[in-house]
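Please read the structure below before turning to the comments.
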Amino acid sequence: MTTHAPQTAQAVTLPVSLDEAVAALSAMPTAVPVAGGTDLMAAVNSGQLRPAALVGLGRITEIRGWQYQDGHALLGAGLTHARMGRPDFAALIPALAAAARAAGPPQIRNAGTLGGNIASAAPTGDALPVLAALEATLIIAGPGGTRREIPVSHLLAGVDMLRGGELIGYVRVPLLHAPQVFLKATGRTGPGRAIASVAVVLDPARRGVRCAVGAIAPMPLRPLDAEAWVAQLIDWDNNRAIVPEALHAFGEYVAAACIPDPVPAEDGTLAPLPPAVLHLRRTVAALARRALGRALS
C-alpha cells in the first residue's frame, strides 16, 4: 500500500461491525480509521502522517450498501465511488452518481468511499457539493452504541466535529425524484481534481432550486440568494420553462456570490480581480448556467 517503509510498527484492527470499530477507536485514541485509504495513504507516502495504529473498516458490511427509510436513502459510509456510479444508484441519486464517476481513475473509484470523502473534507471532494445541495445529514456512531445526526454542512464547516471514538456510519439523503446535475472543471483532459464544481438539484415539491459550488473554498458554498431568485423565474407548471437570459444571469449571480469583487479602497477605487481569479469566476458561471440548463431540460 505504500512505497515507504514504516518508521514504527503499527497495530492494525479489523472490526466486523460499526460498534466494534467505534470501540477500537475509543480504546486506541491515537488510531486512525481507514477504508479506501486513497487520501490516508497519500499522506503516509508523503511522510505527512505516521499513524500509530489503524482501524480498518473494509470488513464492515453494514456500511457498504444502502436502504430506503421514510422518503430518504440511507447510504452506508463504506459505499465506494465505483458502486455509486452504477446505473441502479444513478437512478436513485443522479448527481451523486455523476460525482462518483468523476472522482478519478478506476483504481481511485474502486477504493475511495463516500465516508472517506466526507471525513477527509478535501475542498476538491466531488461528493461534497452534491451532498450540500441535497442538504444531506450524517448519522454518527459513537461509544456505547449511541447515534447522533448532524447536517453534512455542519461537519464541513467545522460547526460540529467528530468527537473521540466517533465514526461516520451513514449518510441520509432525501429522495427528491427530480433532475439533478453535477459538473466540474479540471486542469486537464480526463479524470482529475476539480478546479471548480457545481451541483444543482431541483425540488419541485417546494418549487425550489438548490445549488452548491465546490473546490473554490475550504467547504462547498451555497448561493442562497441566487437559488431563491431563479426559482421565482421558473415556470414550474409548464415543463419548468425558463428564458435563456435568466440562465445566463443565474450563472453570473452564482459566480459573483461565491467569488465576490474586492472590497473598495478607502478612496473608493475598486481594484480589478486578478486574471486567474477572474477566469475561475467565469468557470463557475459557466458551470452553474450549464448545470441548471440541463436540470431544467
Side-chain angles (χ1 to χ4, degrees), residues 1-66 74-84 100 103-105 107-128 131 137-150 152 154-171 193 218-219:
M1 295 180 69
T2 174
T3 57
H4 293 69
Q7 296 178 344
T8 58
Q10 294 176 339
V12 179
T13 304
L14 300 174
V16 296
S17 73
L18 195 56
D19 286 334
E20 282 185 19
V22 168
L25 288 172
S26 299
M28 298 181 292
T30 59
V32 176
V34 56
T38 54
D39 289 326
L40 175 66
M41 296 314 301
V44 170
N45 288 343
S46 66
Q48 296 176 345
L49 181 66
R50 292 294 179 189
L54 296 175
V55 176
L57 309 179
R59 295 184 179 180
I60 307 177
T61 58
E62 64 187 282
I63 61 171
R64 300 181 68 179
W66 71 82
L74 194 63
L75 313 178
L79 274 170
T80 64
H81 299 304
R83 184 65 190 90
M84 291 188 292
Q107 61 268 31
I108 295 296
R109 298 198 303 272
N110 289 333
T113 63
L114 177 62
N117 210 216
I118 300 168
S120 62
T124 54
D126 292 321
L128 304 186
L131 296 175
T137 58
L138 304 176
I139 296 178
I140 309 299
T146 61
R147 300 290 186 268
R148 66 187 181 98
E149 190 166 345
I150 63 173
V152 66
H154 284 196
L155 180 67
L156 298 178
V159 174
D160 197 340
M161 303 296 290
L162 292 179
R163 303 164 187 165
E166 289 188 330
L167 275 174
I168 300 172
Y170 302 91
V171 182
R193 291 188 180 273
M219 60 171 289

Between Pro15 and Ile60, the two heavy atoms sitting closest are O-CG1, 3.7 Å

If we only count heavy atoms from C-beta on, is the Thr113 to Ile63 side-chain gap below 4.5 Å?
-> no

Closest approach of Pro33 and Leu167, non-hydrogen atoms and distance?
-> CB-CD2, 3.7 Å

Nearest heavy-atom approach of Arg64 to Gly58 is NH1-O, 3.1 Å

Approximate separation, where rounding is to 0.5 Å, of Glu166 CD and Thr146 OG1 = 6.5 Å

Determine whether more than 12 heavy atoms belonging to other residues, nucleotides or ligands lie under 6.0 Å from atom CZ of Arg147.
-> yes

Looking at side-chain heavy atoms only, is the closest gap between Glu149 and Tyr170 below 4.5 Å?
-> no

Could you grab the distance from atom CD1 of Ile118 to atom CG of Leu156, nearest 0.5 Å is fine?
-> 7.5 Å

So, do Arg148 and Arg163 sit near enough that their side-chain heavy atoms are less than 4.5 Å apart?
-> yes

What heavy-atom pair brings Ala21 and Leu57 nearest, and what distance separates the two atoms?
-> CB-CD2, 3.9 Å

Rounded to the nearest 0.5 Å, the CE atom of Met161 sits from the CG atom of Leu155 at a distance of 6.0 Å

Of all the heavy-atom pairs spanning Gly164 and Pro143, show the shortest one and how long it is.
-> O-CG, 4.1 Å

Any side-chain heavy atom of Trp66 within less than 4.5 Å of one from Met84?
-> no

About how many Å separate OG1 of Thr13 and CG of Leu54, when rounded to the nearest 0.5 Å?
-> 8.5 Å

Kindly indicate whether the side chain of Leu114, heavy atoms from C-beta on, has any atom under 4.5 Å from the side chain of Leu131.
-> yes

CZ-CG distance between Arg83 and Leu75, expressed to the nearest 0.5 angstrom | 11.0 Å

Close side-chain approach of Val152 to Val171, heavy-atom, < 4.5 Å | no

Between Val22 and Ala141 the two heavy atoms that sit nearest each other are CG2-O, 3.7 Å

Roughly how far, to the nearest 0.5 Å, is OG1 of Thr80 from CG of Asn117?
-> 12.0 Å

Test item: Asp126 and His81 side chains (from C-beta on) under 4.5 Å apart, heavy atoms | no

